[in-house]
Structures are given as structure tokens and as C-alpha cells.
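Atoms considered below: every heavy atom in the structure, side chains included; atoms not considered: hydrogens, waters and symmetry mates. First the proteins, then the strands, lettered A, B, ... as listed; each starts at 1. Quick caveat, the model's predicted, so the values are computed rather than measured.
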Number of protein chains: 2
Amino acid sequence: MEKMNLCPKFETAFQLLGKRWNGLILRVLFQGPVRFRDISANIPSMSDKMLVDRLKELEIAGLVQRTVFPETPVRIEYQLTDKGKALEPALDEVQAWAEQWME
Amino acid sequence: MEKMNLCPKFETAFQLLGKRWNGLILRVLFQGPVRFRDISANIPSMSDKMLVDRLKELEIAGLVQRTVFPETPVRIEYQLTDKGKALEPALDEVQAWAEQWME
DNA sequence: GTTTGTTGCTTACCTTTAGTAAGTATATTA
DNA sequence: TAATATACTTACTAAAGGTAAGCAACAAAC
């Protein structure tokens with residue numbers, strides 16, 4: 001078989017996107033800036049702890065920006081960066097595949 | 001925030017695609033029928049055990065077909081089903097994103 | 001006729017990650 | 001005073017991932 005050149009970018013990307021919950025979290029974020037409870041309400045099977053962990057990872061990876069509004073109670077908004085927004089076509093393709101082929 | 005309808009197909013799809021190694025394995029399978037060692041040689045950081053586990057899952061999910069040729073030593077070929085092949089546009093989009101935005 | 005090689009796995013073991021349930025700090029409302 | 005809300009933490013257990021070795025079936029080499 002022909003030896004293909006390994007693509008570390010693709011591998012890294014898939015380890016990020018492929019990590020459980022990240023696809024679903026990103027899909028919620030495509031709606032625009034949202035708050036912690038908005039995300040968790042849309043993904044009821046995910047625990048708060050997982051959401052905290054994933055949002056931190058996505059922020060470090062540069063896909064998500066976190067903004068604090070020092071009101072009471074505190075309001076925190078999560079929104080996609082340009083890098084995060086650029087993922088929309090890819091996730092749309094996954095969704096199209098899921099609708100056609102799953103079940 | 002507007003309540004979005006949960007999409008279990010999308011969730012299931014992403015739990016499958018998002019699971020570690022699956023994206024990379026599928027990318028190798030897009031080349032055509034391949035053998036166990038072809039895949040493992042292309043993904044050197046993955047252990048045999050993980051590859052066995054993932055190929056079984058992908059077969060059960062209907063994305064991969066396994067064919068045994070009873071030669072000596074035995075030859076086993078893995079290839080994508082139509083459902084598996086239909087994923088190519090989605091993975092291409094992920095790859096395009098990775099090349100533009102990673103690092 | 002015992003060793004070596006090849007293939008596609010298993011098995012045992014240990015570590016890392018995921019998941020569950022409860023709790024925290026801050027402040028407003030009843 | 002107690003309840004409510006937000007966005008997390010913490011402690012714990014279960015599940016998944018990762019490592020290294022071994023296995024069964026032959027064939028060919030020595």
C-alpha cells in the first residue's frame with residue numbers, strides 16, 4: 001500500500017473535535033453568544049463538570065472566547081472565535097451525514 | 001435563548017466520529033480496501049488493541065466491512081460501506097479547517 | 001524438526017479520563 | 001430566614017485508554 005504522509009494537524013483537529021461533547025457544544029455556540037446554562041440546558045445528558053472542562057479546553061485551543069460581565073449574579077458569555085466559526089461547514093457536513101445515514 | 005430541538009442522530013454521529021482514532025482510521029480507509037497492518041502502519045501512535053476495538057465498533061455501526069481471505073497467513077481486508085464512504089465530504093471539511101487554522 | 005516469521009488479534013495489567021452527586025461563593029428576592 | 005440563581009469545585013467511582021506480552025495458524029528456512 002502507498003504510504004500516506006501523516007497529517008498531525010488533522011490528528012490534532014480530530015482529537016479536539018472528536019472528544020466527547022465538543023461537537024455538541026460547538027453546535028450550540030453557532031447560535032451566537034450563549035451562557036453556561038444555555039449550553040447545559042441544550043445538552044441535558046452532559047454534566048456541569050464536563051461542560052466546564054470542555055469550555056476550558058476549547059478556550060485554550062482558541063475556538064471559544066469567554067467574557068465576564070460583573071453583574072449580580074455574574075453573567076458569563078461564551079462565543080466562538082473566527083477559528084471556531086470556521087468549523088461550521090465541517091459540522092454541517094457531519095449533521096447532513098447523520099440525518100441521511102443514522103438509524 | 002431559543003430552545004433548540006435536540007438531535008440524537010447528530011449526537012450519536014459525533015460520539016462515533018469523535019471517539020479517539022476513528023477519524024484517522026476512516027481517513028486511511030478512504031484509500032480503498034486495506035489490511036490491519038496498513039492501518040496500524042499509518043497511525044503509529046495507536047496500539048493494536050485500540051485498532052481492533054475501533055474496527056469492531058465501526059463494523060457494528062455499519063461503516064466498515066470486514067472480509068476474511070483464508071490464505072496463509074490469513075488475509076483480512078477492511079473497506080468502507082456506502083454509509084462509511086458518505087462521510088468523506090465531512091472529513092474533507094475537517095481536514096481543510098485543520099490545514100487553515102491549526103498551529 | 002526446531003526455529004523463525006507472518007498475520008490478526010487476546011489477555012492481563014495499570015493509568016488516565018469520564019461521569020455522578022454534592023457542595024461553594026456571591027447576591028437578590030419573598 | 002429561606003429560597004433562588006449563577007458558574008463553577010470537590011471528592012469519589014466507573015469506564016475507557018494505553019502498554020507489553022502472548023497466541024494460533026500455518027509456511028519456509030535452517
Side-chain angles (χ1 to χ4, degrees), chain A residues 1 3 6 8 11-12 14-26 28-29 31-61 64-80, chain B residues 1 3 6 8 11-26 28-29 31-61 63-80:
Chain A
M1 198 189 92
K3 174 74 182 172
L6 266 177
E11 184 165 5
T12 309
F14 239 99
Q15 279 176 16
L16 184 69
L17 297 185
K19 212 161 179 177
R20 197 169 174 193
W21 306 119
N22 279 348
L24 293 168
I25 293 168
L26 290 170
V28 176
L29 288 168
Q31 296 182 26
V34 285
R35 304 178 63 178
F36 190 89
R37 283 298 148 210
D38 295 328
I39 308 175
S40 72
N42 275 285
I43 315 174
S45 51
M46 176 182 52
S47 69
D48 281 9
K49 184 201 160 205
M50 285 293 101
L51 182 51
V52 171
D53 288 357
R54 288 300 182 272
L55 285 172
K56 274 181 193 156
E57 288 172 10
L58 292 172
E59 195 187 353
I60 288 166
V64 167
Q65 194 193 330
R66 183 180 184 272
T67 313
V68 181
F69 298 88
E71 307 165 354
T72 25
V74 66
R75 182 162 62 94
I76 290 162
E77 275 188 2
Y78 297 91
Q79 58 188 313
L80 293 172
Chain B
M1 199 190 89
K3 174 76 180 169
L6 266 176
E11 184 165 6
T12 310
F14 240 100
Q15 279 176 17
L16 184 68
L17 297 185
K19 212 160 181 180
R20 198 168 174 194
W21 306 118
N22 278 349
L24 292 168
I25 292 168
L26 289 170
V28 175
L29 288 167
Q31 296 182 27
V34 285
R35 303 178 63 179
F36 190 89
R37 284 296 148 210
D38 295 328
I39 307 174
S40 73
N42 274 286
I43 315 172
S45 52
M46 176 182 52
S47 69
D48 281 9
K49 182 199 160 205
M50 285 294 101
L51 182 50
V52 171
D53 288 357
R54 290 300 181 271
L55 286 172
K56 275 182 192 155
E57 287 173 11
L58 292 172
E59 195 188 352
I60 288 166
L63 274 73
V64 167
Q65 193 194 331
R66 183 179 182 272
T67 313
V68 181
F69 298 88
E71 308 164 355
T72 22
V74 66
R75 183 162 62 95
I76 291 163
E77 275 189 3
Y78 297 91
Q79 59 188 312
L80 293 172

Q: Students often get this wrong, so: under 4.0 angstrom with heavy atoms, is A:V52 touching a base, only sugar-phosphate, or nothing?
A: base
Q: Heavy atoms from C-beta onward define the side chain here; which of D:dA7, C:dG8, D:dT9 lies closest to that of A:K56?
A: D:dT9
Q: A:I25 CD1 to C:dA18 P: how many Å, rounded?
A: 11 Å
Q: Of the nucleotides D:dA7, C:dG8, C:dA18, which has the atom closest to the A:V74 side chain?
A: D:dA7
Q: Choose from D:dA7, C:dT20, C:dG8 the nucleotide whose nearest atom is closest to any side-chain atom of A:F36.
A: D:dA7
Q: Using the closest heavy atom to pick a nucleotide of DNA chain D for each, name whichever of B:D53 or A:L55 lands nearer the 5' end.
A: A:L55
Q: Could you state the atom-to-atom distance from CZ of B:R66 to C1' of C:dT7 in whole Å?
A: 12 Å
Q: For B:M50 and D:dA16, what is the distance between atoms CE and P respectively, to the nearest whole Å?
A: 10 Å
Q: Take atom CD of A:E71 and atom P of D:dA7, then tell me their distance rounded to the nearest Å.
A: 10 Å
Q: Going by the rule side-chain hydrogen bond (donor to acceptor under 3.5 Å, both in side chains), which residues pair with B:R37 if we only count those two or more places apart in sequence or in a different chain?
A: B:S40, B:D48
Q: For A:E59 and D:dA7, give me the distance from atom CD to atom P, rounded to whole Å.
A: 14 Å
Q: Can you sort out the partners of B:T72 under side-chain contact (heavy atoms from CB on, under 4.5 Å), two or more places apart, ordered by chain and number?
A: none
Q: Under 4.0 Å between a side-chain N/O of B:R54 and OP1 or OP2 of D:dG17, yes or no?
A: yes
Q: Please report the shortest heavy-atom distance between B:L16 and B:L63, naming the atom on each side.
A: CD2-CD1, 3.9 Å
Q: C:dA18 C1' sits how many Å from A:L24 CG, rounded?
A: 15 Å
Q: Identify, with sequence neighbours excluded, every residue that meets side-chain contact (heavy atoms from CB on, under 4.5 Å) alongside B:R75.
A: B:R35, B:F69, B:E71, B:E77
Q: B:R37 has an atom CZ; how far is it from atom P of C:dT6, in whole Å?
A: 11 Å
Q: Please tell me if the side chains of A:N22 and A:L58 come closer than 4.5 Å, counting only heavy atoms from C-beta onward.
A: yes
Q: I'd like to compare against my own output: the B/S/- annotation of nucleotides 21-30 of chain C with a strict under-4.0 Å heavy-atom distance to protein.
A: ------SS--
Q: For C:dG8, does either OP1 or OP2 sit under 4.0 Å from a side-chain N or O belonging to B:R35?
A: yes
Q: Residues in side-chain contact (heavy atoms from CB on, under 4.5 Å) with B:K56, at least two apart?
A: B:V52
Q: Between P on D:dA24 and CD1 on B:I76, what's the gap in Å once rounded to a whole number?
A: 17 Å
Q: Taking only residues two or more places apart in sequence or in another chain, which ones pass salt bridge (Lys or Arg N to Asp or Glu O under 4.0 Å) with A:D53?
A: none
Q: Closer to the 5' end of DNA chain D via nearest nucleotide, is it B:E57 or A:E77?
A: A:E77
